[in-house]
Amino acid sequence: MAHAALWLYSALTWAVQPLLLRKLRRRAVAEPGYGRAVGERFGRYARPMDSLIPPSSSDPLGGFVWIHAVSLGETRAAAILLAELRRQLPGMRLLLTHGTATGRAEGEKLLLPGDVQVWQPWDTPGAVRRFLRQFRPAIGILMETEVWPNLVAGCQQRGIPLVLANARFNATSLRKSQRLAALARPAYGALAAVWAQTEADAERLRSIGAPVQGVFGNLKFDVVPDAGQLARGRAWRASSARPVVMIASSRESEEAMWLAALKQKSLPALIGKAQAAIHSEANSGDGTVQWLVVPRHPQRFGEVQQLLRSAGLSVSSRSQWADAPEPADVWLGDSLGEMVLYYGLADVALLGGSFAPLGGQNLIEAIACGCPVVLGPHTFNFAEAAALACEQGVAHRVADIGQGVELACDLATDSPRLATARGLTQDFMQQHRGAARLTAAAVGALLGIAAAP
């Protein structure tokens, strides 16, 4: 049964390759990164391996440590793990793969001489075979959720230990895997190890046959914010005449929801006058707030800017700032790799992806920067972290974005309450650190290499 399911799956992934190429061409119009090195997606590389990387006599592993981080969030988690791997396994060479253009752009910052970065191979037997033959990794580390049947089968056939690190597996993922059990159960069961974020994740993973060998917590608690970005953001905040409320990593429809919530709660005379509505609705206690909107995806920067201007708002974009933000009704964070700067600039953040039913974005990064968070009802991607943060007072849950606007503005303009919330953030982060050290040590143990002290 399992063999037949894998055969059918393989036939399907092979048959849809023309559709994948068409999708990549379309996406490359908005994000040129998707048009880069497309052959790598199918296991075809410009040069042989030996011409890319000279042999290294100092390499204790005899091959790459391969990390697969599909998108931006997983790449940032991988960066935390990679720093600890380099410390515990000196001399290691990194093979870094991705599925999205934003993930690949972020991953380029992690490379050292001797490292290689390519696209994840499309999950056909041929592409996987060519990928593994080309790079011959000593171990593969899949970040968080990325389990592909042919990739797992190919590693198992070649004796390459493949692990799932920082693993999260919510109830929806479990239901989908149970419906496709003939594919999912052999794939998860063939992993060399799984290290889960939470006990709930571990329980669900075990139920689908995954070899869970530890619950190490969330790697993102080990993040160390960029000190330069944080200092710059805080300096800009100090120069702002008003408290700053940020909509962090906003997703499709959430900016429109935010504008609608402001208009709905304004006086009837202000309906349709978005600027006046914002000032009316944000007015609380010590004064009005400055809004900062940072969309999650770069291809939406222009769309969000047009939406704000169509609502009658003046917009100042980060890409146009010189030494400081320029005055405007709304600041627009239209840059990549600067979330720490934005969190340093903000007093409070409304978490994107949690007001539309999208599961929420990473709230841990905001808390690590000392920025309290207001969450919508949809945080299933970070369920335990969200629950812990709310319990300990560094995050606050609301039912909808209207309540979120009210609470965020109240908190931003209540200096004693804001100071208390900020003071709790570092204690919260310290309580949950340690996943990177445990994960790196477990990787070394699988390879039979003692970790450096």
Side-chain angles (χ1 to χ4, degrees), residues 233-234 236-250 254-268 270-271 273-294 308 311 313 325 328-331 333 342-356 360-361 363 365-367 369-379 386-428:
R234 287 175 174 171
W236 286 351
R237 167 62 191 92
S239 67
S240 173
R242 294 180 290 173
V244 179
V245 177
M246 171 184 178
I247 306 178
S249 296
S250 59
E254 289 185 317
E255 301 91 359
M257 292 167 62
W258 164 65
L259 289 171
L262 294 177
K263 292 179 184 180
Q264 183 178 3
K265 292 183 178 297
S266 64
L267 294 174
L270 297 179
I271 297 284
K273 298 180 180 179
Q275 180 177 346
I278 283 179
H279 290 312
S280 172
E281 195 56 37
N283 193 9
S284 173
D286 297 335
T288 59
V289 303
Q290 170 68 56
W291 288 98
L292 167 63
V293 178
V294 184
L308 297 173
L313 299 169
D329 297 317
V330 180
W331 293 337
Y342 295 129
Y343 284 128
L345 177 55
D347 290 290
V348 181
L350 290 158
L351 185 70
S354 70
F355 294 97
Q361 301 304 137
L363 71 156
E365 186 176 23
I367 297 168
C369 295
C371 182
V373 182
V374 175
L375 311 175
H378 308 288
T379 54
L388 290 171
C390 290
E391 287 173 10
Q392 297 185 32
V394 294
H396 305 272
R397 175 87 66 184
V398 295
D400 56 45
I401 201 162
Q403 291 183 15
V405 167
E406 291 184 358
L407 178 57
C409 292
D410 287 347
L411 182 57
T413 55
D414 185 340
S415 297
R417 187 180 175 196
L418 180 61
T420 298
R422 281 179 169 165
L424 295 172
T425 57
Q426 292 311 304
D427 289 342
F428 176 77

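Side-chain atoms are counted along with the backbone in the values below, which use heavy atoms only and exclude waters and symmetry mates.
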For the student: nearest non-hydrogen atoms of Ala349 and Ala248, plus distance:
CB-CB, 4.3 Å
Going through the distances and angles, do Arg417 and Leu411 end up as a side-chain contact (heavy atoms from CB on, under 4.5 Å)?
CA-CA 7 Å; Arg417 187 180 175 196; Leu411 182 57; 3.6 Å; yes
Sorted by chain and residue number, the side chain to side chain contact (heavy atoms under 4.5 Å, CB included) partners of Leu424 (sequence neighbours excluded) come out as Val394
Nearest 0.5 angstrom please: Cys371 SG to Glu365 CD, how far?
10.5 Å
Verify whether one side chain among Thr379 and Arg397 offers a donor that lies under 3.5 Å from an acceptor in the other.
yes
Approximate separation, where rounding is to 0.5 Å, of Leu388 CG and Ile367 CD1
9.5 Å
Minimum heavy-atom distance between Gly393 and Ala421, given as atom pair plus value:
O-CB, 4.1 Å
Who passes side-chain hydrogen bond (donor to acceptor under 3.5 Å, both in side chains) against Glu254, sequence neighbours left out?
none
Under the rule for side-chain hydrogen bond (donor to acceptor under 3.5 Å, both in side chains), what residues qualify as partners of Ser249, not counting sequence neighbours?
none
If every non-hydrogen atom of Gly370 is compared with every non-hydrogen atom of Pro372, which pair is closest and at what distance?
O-CD, 3.5 Å
For the backbone of Gly376 and the side chain of Ser354, can you confirm whether one donor and one acceptor N or O come within less than 3.5 Å of each other?
yes
Minimum-distance pair of heavy atoms, taken over all atoms of Val373 and Leu363
CG2-O, 4.3 Å
Roughly how far apart are Trp236 CH2 and Tyr342 OH, rounded to 0.5 Å?
8.0 Å
When rounded to the nearest 0.5 angstrom, what is the spacing between CH2 in Trp291 and CG in Leu259?
10.0 Å
Side chain to side chain contact (heavy atoms under 4.5 Å, CB included) involving Arg234 - partner list, sequence neighbours excluded:
Leu230
How far apart are the C-alpha atoms of Arg242 and Val289, what are their side-chain angles, what is the distance that settles it, and do they pass the side-chain contact (heavy atoms from CB on, under 4.5 Å) test?
CA-CA 5 Å; Arg242 294 180 290 173; Val289 303; 5.6 Å; no
Arg237: partners by salt bridge (Lys or Arg N to Asp or Glu O under 4.0 Å), with sequence neighbours left out:
Asp347
Contact summary for Ala412 and Val245, nearest pair of heavy atoms:
CB-CG2, 3.8 Å
Checking Tyr343 now: which residues fulfil side-chain hydrogen bond (donor to acceptor under 3.5 Å, both in side chains) with it, not counting sequence neighbours?
none
Under a 3.5 Å distance rule, please check whether Thr420 uses its side chain to pair with a backbone N or O of Pro416 as donor and acceptor.
yes
Candidate pair Leu351 and Gln361, rule side-chain contact (heavy atoms from CB on, under 4.5 Å), full reasoning:
CA-CA 7 Å; Leu351 185 70; Gln361 301 304 137; 4.2 Å; yes
Could you please spell out the steps behind the side-chain contact (heavy atoms from CB on, under 4.5 Å) verdict for Leu292 and Val330?
CA-CA 6 Å; Leu292 167 63; Val330 180; over 6 Å; no
Closest non-hydrogen contact found for Phe355 with Val374 is CZ-O, 4.1 Å
Working to the nearest 0.5 angstrom, can you tell me the gap between Gln290 CD and Asp329 CG?
8.0 Å
By side-chain hydrogen bond (donor to acceptor under 3.5 Å, both in side chains), Glu255 pairs with (sequence neighbours left out) Ser250, Arg300
Please round to the nearest 0.5 Å and tell me the distance separating atom CG of Leu313 and atom CG of Leu262.
9.0 Å
